[in-house]
Peer 1: 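Following this message is one structure expressed as structure tokens.
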Amino acid sequence: MGYWLDRRHWGQGLATDALQTLVRWGFEVRGLHRVEATVMAGNLASRRVLEKAGFQWEGRRRSAALSSGRWRDEWLFGRLSDDRPRARRARGPTGKGAHRRGRSPRQAR
Ligand SMILES: CC(C)(COP(=O)(O)OP(=O)(O)OC[C@H]1O[C@@H](n2cnc3c(N)ncnc32)[C@H](O)[C@@H]1OP(=O)(O)O)[C@@H](O)C(=O)NCCC(=O)NCCS
């Protein structure tokens, strides 16, 4: 799954709702054990969406994504079927104090 919303609809919980619905379907209907997600390092809004959907930060994949001709690091997140969803911010390189309202992911790198 990828999520990309028109800027006018950001901040209403839409991406989180969609992700939670898909993950619940994966665990409850499809019987999945584990779901993984990767996010371009520095994309704090996307990271927050994953945290709110119960994903935990598991590490950094170095130079894993080619973006605009440049190799960029990715953050790896995972959620297990028996994890309890928590909205708490995950531990990680920028987890503490990284959240600032009003900044776009681009600005937040
Ligand atoms: C990522 C994206 C889909 C989020 O959609 P959304 O519907 O606004 O997400 P939600 O409202 O469910 O949650 C966003 C959370 O991120 C937070 N947030 C937003 N911008 C942030 C920033 N720059 N730094 C930290 N947190 C930020 C919001 O405050 C909210 O958290 P909160 O509920 O604890 O306050 C949207 O920002 C987007 O389309 N971005 C561009 C595309 C993109 O980056 N896609 C992800 C690729 S991996």
Side-chain angles (χ1 to χ4, degrees):
M1 174 188 179
Y3 35 79
W4 198 292
L5 293 181
D6 186 294
R7 193 177 282 263
R8 288 171 298 176
H9 304 291
W10 287 8
Q12 299 171 48
L14 295 175
T16 304
D17 271 0
L19 179 60
Q20 283 173 329
T21 300
L22 187 69
V23 167
R24 198 177 313 121
W25 176 81
F27 289 142
E28 293 176 8
V29 179
R30 302 297 301 183
L32 300 181
H33 168 63
R34 174 183 166 85
V35 177
E36 290 185 0
T38 55
V39 173
M40 202 78 79
N43 189 339
L44 300 179
S46 184
R47 175 194 176 115
R48 183 72 189 128
V49 167
L50 289 164
E51 290 170 354
K52 289 196 295 179
F55 284 72
Q56 294 184 28
W57 185 81
E58 295 181 338
R60 175 186 290 264
R61 303 175 73 230
R62 295 173 304 140
S63 278
L66 190 58
S67 171
S68 305
R70 214 179 112 214
W71 287 104
R72 306 267 309 272
D73 292 355
E74 283 183 341
W75 289 330
L76 174 66
F77 286 80
R79 184 173 157 190
L80 305 181
S81 57
D82 52 2
D83 279 345
R84 292 184 72 84
R86 292 176 302 178
R88 224 171 60 198
R89 289 188 172 76
R91 296 176 62 192
T94 60
K96 197 172 173 195
H99 174 79
R100 282 192 223 152
R101 279 190 178 278
R103 297 182 71 205
S104 72
R106 190 178 290 276
Q107 291 169 313
R109 263 203 296 268

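Whatever order the structure lists ligands and atoms in, that order sets their numbers, starting from 1.
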Peer 1: Relative to ligand 1, is D17 under 4.0 angstrom through side chain, backbone, both or neither, heavy atoms considered?
Peer 2: neither
Peer 1: Using distance alone, decide if ligand 1 has a nitrogen or oxygen within less than 3.5 Å of any nitrogen or oxygen in V49.
Peer 2: no
Peer 1: Got a second to check how far F55's CZ is from L19's CG, nearest 0.5 Å?
Peer 2: 5.0 Å
Peer 1: Is there a polar contact between ligand 1 and K52, counting only N or O atoms under 3.5 Å apart?
Peer 2: yes
Peer 1: If you count the atoms of ligand 1 from 1 in the order shown, which ones are under 4.0 Å from a heavy atom of Y3?
Peer 2: 3 (C), 42 (C), 43 (C), 45 (N), 46 (C)
Peer 1: Let me check something: do Y3 and L44 share a hydrophobic cluster, defined by ILVMFWY side-chain heavy atoms less than 4.5 Å apart, either directly or through other members?
Peer 2: yes
Peer 1: Going by the order shown, which atoms of ligand 1 are within less than 4.0 Å of some heavy atom of T16?
Peer 2: 10 (P), 12 (O), 13 (O)
Peer 1: Is it true that V35 and L80 fall in one hydrophobic cluster, defined by side-chain heavy atoms closer than 4.5 Å?
Peer 2: no
Peer 1: Short list, please: which atoms of ligand 1 are under 4.0 Å from a heavy atom of Q12?
Peer 2: 11 (O)
Peer 1: If you round to the nearest 0.5 Å, how far is CD of E51 from CH2 of W57?
Peer 2: 11.0 Å
Peer 1: At their closest point, which heavy atom of A41 faces which heavy atom of R72, and how far apart are they?
Peer 2: O-NH2, 3.7 Å
Peer 1: Going by distance only, is there an N or O of R48 that falls short of 3.5 Å from an N or O of ligand 1?
Peer 2: yes
Peer 1: Show which atoms of ligand 1 fall inside a sub-4.0 Å distance from at least one heavy-atom site of G11.
Peer 2: 6 (P), 8 (O), 11 (O)
Peer 1: Please round to the nearest 0.5 Å and tell me the distance separating atom CE of M1 and atom CG of L22.
Peer 2: 5.5 Å
Peer 1: Check this for me, if you would: do R61 and E36 make a salt bridge, where the nitrogen-to-carboxylate-oxygen distance has to be below 4.0 angstrom?
Peer 2: no
Peer 1: By number and element, which atoms of ligand 1 are closer than 4.0 Å to a non-hydrogen atom of G13?
Peer 2: 10 (P), 11 (O), 12 (O)
Peer 1: Taking only heavy atoms of L14, which atoms of ligand 1 are found under 4.0 Å from at least one of them?
Peer 2: 7 (O), 12 (O)
Peer 1: Listing request: all salt bridge (Lys or Arg N to Asp or Glu O under 4.0 Å) pairs with a residue in residues 13-30, at least two apart in sequence or in separate chains.
Peer 2: none
Peer 1: What do you reckon, does A15 have a nitrogen or oxygen under 3.5 Å from a nitrogen or oxygen of ligand 1?
Peer 2: yes
Peer 1: W10 to ligand 1: N or O pair under 3.5 Å?
Peer 2: yes
